[in-house]
Every structure is written in structure tokens, then in C-alpha cells.
Amino acid sequence: MPTTESADNDQLFVLTAVLLTPAQFPSVLGDDYPEVCAGLGLEPYAEGYGLVLGQDGDGARWTVATEDVSLVACAIAAWDCGMEYDLSPGESSIVGALPGWPLTLAVAAPEVPSPHDPEPQEGDPAPLAPPDAEAWGPAQRRLGADEIAMQWAAWREQVDGDDAFAEPGDEAHQGVRRVLEEARAYVTDPPPPGRVRSSFAAGEARTLRVDGPGWSMVARTDDIAFVLLDEEPGEVHPVGRGPELPGLLSSLDELAVRPV
């Protein structure tokens, strides 16, 4: 988390920032890039946005959407390295200032009132609020998939032997079979941008993140897959490579969007 910086142009005390592009967006907010943009009232432009979350001088929560994706990416990279970076998007790049925050933050700006939604003005949209991720549902399912992708080695170590794998043709795993069928359909009928994302992994492999209605899949192109389902709270199904998974993962990787 970055230290608080002050953006003088819009009087916003910046707390954090995230990317909103077809290849990188907060998964908790939706299954694909257009869905996330719609929830924020933004047009799903291919170039994407940077979202800057902060507080004004009265402590009110604001989310500023900027078209200067490179600036936000540089700020995030600097913060991740423990460096300071004064994130101040140019006024001409700002698409809009949205009341509220779409994500939960555990930090606040010093010397201003506690975070709160701004007083509504006539015609203003309802304040943004984080999805409810306390109970099992789409938001928590996507967060679970994020965790598996980030902690792949730990999750992979828990899978021991063929008995642990869900078999696509097994009636006991109809949900897994449905997920693989729907993922396979993406190859011939590409889904909205962001439903299939590819990122770096160890060696020459890629980490795939694939989402669909009621399900998420995380996989390594050189290894297995994990499936999470809305209808099975807290359950994670490992899917063995078998004869079909390698080809499916390779085809999905070819159509996936990748971070620039």
C-alpha cells in the first residue's frame, strides 16, 4: 500500500490505485472487463483506465478514473518496490470522479475526517461500494481463484495422486464437466474481453485465469487446473491434465488477453 500522496489538481489524498484494463482488473468486481466497467459506469474502451482511490479534504471517499494508464501503472510499480511516487493524473486525462470506493481499503488519509461517502448532490450516481464478499457467491469465488493463482505452489502441493482429481466425464463432477465444456466453447466463440487472461508463470508456462457464469478456473499451461463453482461454497476441484486439458489450455492461452 502506498503512502498517502496529495494530488493538488483535484485535492485528492491518494491512498491506492488499480488498473482497469481487459488484461488486468480487480477480479472481485466482475467476470470480465465490460462487466466491471458497467458496474462503474465507464465505457469499456480497449485502452482501459487507471482507478485512483482517495479522500478529499473532508474525508469523503472518491474514485478518480483516468485514461493515463501508463502513469497509474508506473505508480503501482514504484509503490510495490517501496518507492514514493506522487500520483497526480493530468486534468485532461480524468474521465470522471465517482463517489465512493469499489474496493475495501484498510487505510485512510491522515489529518482528515474518517472515510465516508460524500454528501449526495442532485443527479449524482449512487456511491460505489465493495461487493459483499463475506458470504460465498461470485465475488468470493473470484477472490478464491485470485488466491490460488497467487499461491499456486501451495495449492499444487495439496493435490496428491490421481484420486484427488475431478474427471470431466465423472457424473459426480457435473459442475466441472460443465465448466470445461463452456471453456471449450470460448475457443470457437470468444467471450467478452477479460474472461480469459494469461500472465507469466515459472519457466515458459503461463497462468490462465478463466471465468464464466457461476464459475472460475485457474490453470498453468504446463500443469493442472483448479475449478471453483458458485453452487459449491468453498470447494476447490483439481482437474488433472488427462488427454484433453493440455490442448484446451493451449487454445485458451492463444485467445487470452495479456498484460502489456
Side-chain angles (χ1 to χ4, degrees), residues 1-2 15-40 48-51 53 63 72-73 76-77 79-80 101-107 128-159 175-176 179 182-183 186 191-202 205-239 249 252-253 256-260:
M1 188 65 63
L15 297 176
T16 191
V18 295
L19 293 178
L20 174 56
T21 70
Q24 293 176 274
F25 55 85
S27 298
V28 67
L29 299 181
D31 286 325
D32 55 56
Y33 174 66
E35 181 181 344
V36 175
C37 286
L40 299 173
Y49 306 90
L51 300 181
L53 283 63
T63 298
V72 173
I76 294 171
W79 294 334
D80 286 347
W101 294 335
L103 304 171
T104 301
L105 298 188
V107 295
L128 301 174
D132 180 9
E134 293 300 316
W136 183 264
Q140 196 173 75
R141 176 250 302 167
R142 291 189 292 260
L143 287 174
D146 284 348
E147 179 67 19
I148 293 172
M150 289 187 294
Q151 304 291 335
W152 178 268
W155 281 90
R156 187 62 177 90
E157 287 176 1
Q158 298 180 38
V159 181
V176 171
V179 168
E182 293 184 14
Y186 286 171
R195 285 275 180 99
V196 184
R197 288 172 280 163
S198 176
S199 58
F200 291 108
R206 304 286 299 183
T207 295
L208 291 181
R209 174 60 183 276
V210 190
D211 292 278
W215 57 269
S216 293
M217 180 170 71
V218 184
R220 289 281 178 97
T221 52
D222 64 345
D223 202 359
I224 65 171
F226 292 94
V227 168
L228 297 88
L229 301 164
D230 279 357
E231 66 262 29
E232 296 190 32
E235 292 294 324
V236 178
H237 299 286
V239 180
L249 297 183
L252 289 172
D253 187 46
V257 289
R258 303 183 178 206
V260 176

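Along the sequence shown, the residues carry numbers beginning at 1. Computed over heavy atoms, backbone and side chain alike; hydrogens, waters and symmetry mates excluded.
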*Tell me the salt bridge (Lys or Arg N to Asp or Glu O under 4.0 Å) pairs involving residues 219-228, sequence neighbours left out?*
Arg156-Asp223
*Please list all pairs passing the salt bridge (Lys or Arg N to Asp or Glu O under 4.0 Å) test where one or both residues lie in residues 17-27, with sequence neighbours left out.*
none
Atom of [X], atom of [Y] and distance for their closest heavy-atom approach:
X      : Y      : answer
Leu19  : Pro26  : O-CD, 3.7 Å
Gln24  : Pro259 : OE1-CB, 3.6 Å
Pro238 : Ile224 : CB-CD1, 4.4 Å
Ala183 : Leu252 : O-CD2, 3.5 Å
Cys37  : Leu20  : SG-CD2, 4.2 Å
Leu228 : Trp136 : CD2-CH2, 4.0 Å

*For Trp152, which residues count as a ring pair (Phe, Tyr, Trp, His ring centres under 6.0 Å) partner, sequence neighbours excluded?*
Phe226
Minimum side-chain heavy-atom gap [X]-[Y] below 4.5 Å:
X      : Y      : value
Met150 : Val218 : no
Leu51  : Leu40  : yes
Val257 : Arg197 : yes
Asp32  : Pro193 : no
Pro130 : Val28  : no
Pro213 : Asp230 : no

For the atom pair [atom1] ([X]) and [atom2] ([Y]), what is the distance rounded to the nearest 0.5 Å?
X      : Y      : atom1 : atom2 : value
Tyr49  : Tyr33  : OH    : OH    : 5.5 Å
Thr16  : Ile76  : OG1   : CD1   : 7.0 Å
Ile148 : Trp155 : CD1   : CH2   : 5.0 Å

_For the CD atom on Glu231, are there more than 12 heavy atoms of other groups (residues, nucleotides or ligands in this structure) within a distance under 6.0 Å?_
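Enclosed.
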*Answer yes or no: is there a donor N or O on one side and an acceptor on the other, between the side chain of Arg206 and the main chain of Thr221, under 3.5 Å?*
no
*Tell me, with the steps shown, if Arg141 and Leu229 meet side chain to side chain contact (heavy atoms under 4.5 Å, CB included).*
CA-CA 7 Å; Arg141 176 250 302 167; Leu229 301 164; over 6 Å; no
*asked:* As a quick check of understanding, evaluate side chain to side chain contact (heavy atoms under 4.5 Å, CB included) for Asp31 and Trp215, giving each step before the final call.
replied: CA-CA 9 Å; Asp31 286 325; Trp215 57 269; over 6 Å; no
*For Leu143 and Asp146, what are the C-alpha separation, side-chain angles and deciding distance, and is it a side chain to side chain contact (heavy atoms under 4.5 Å, CB included)?*
CA-CA 5 Å; Leu143 287 174; Asp146 284 348; 4.2 Å; yes
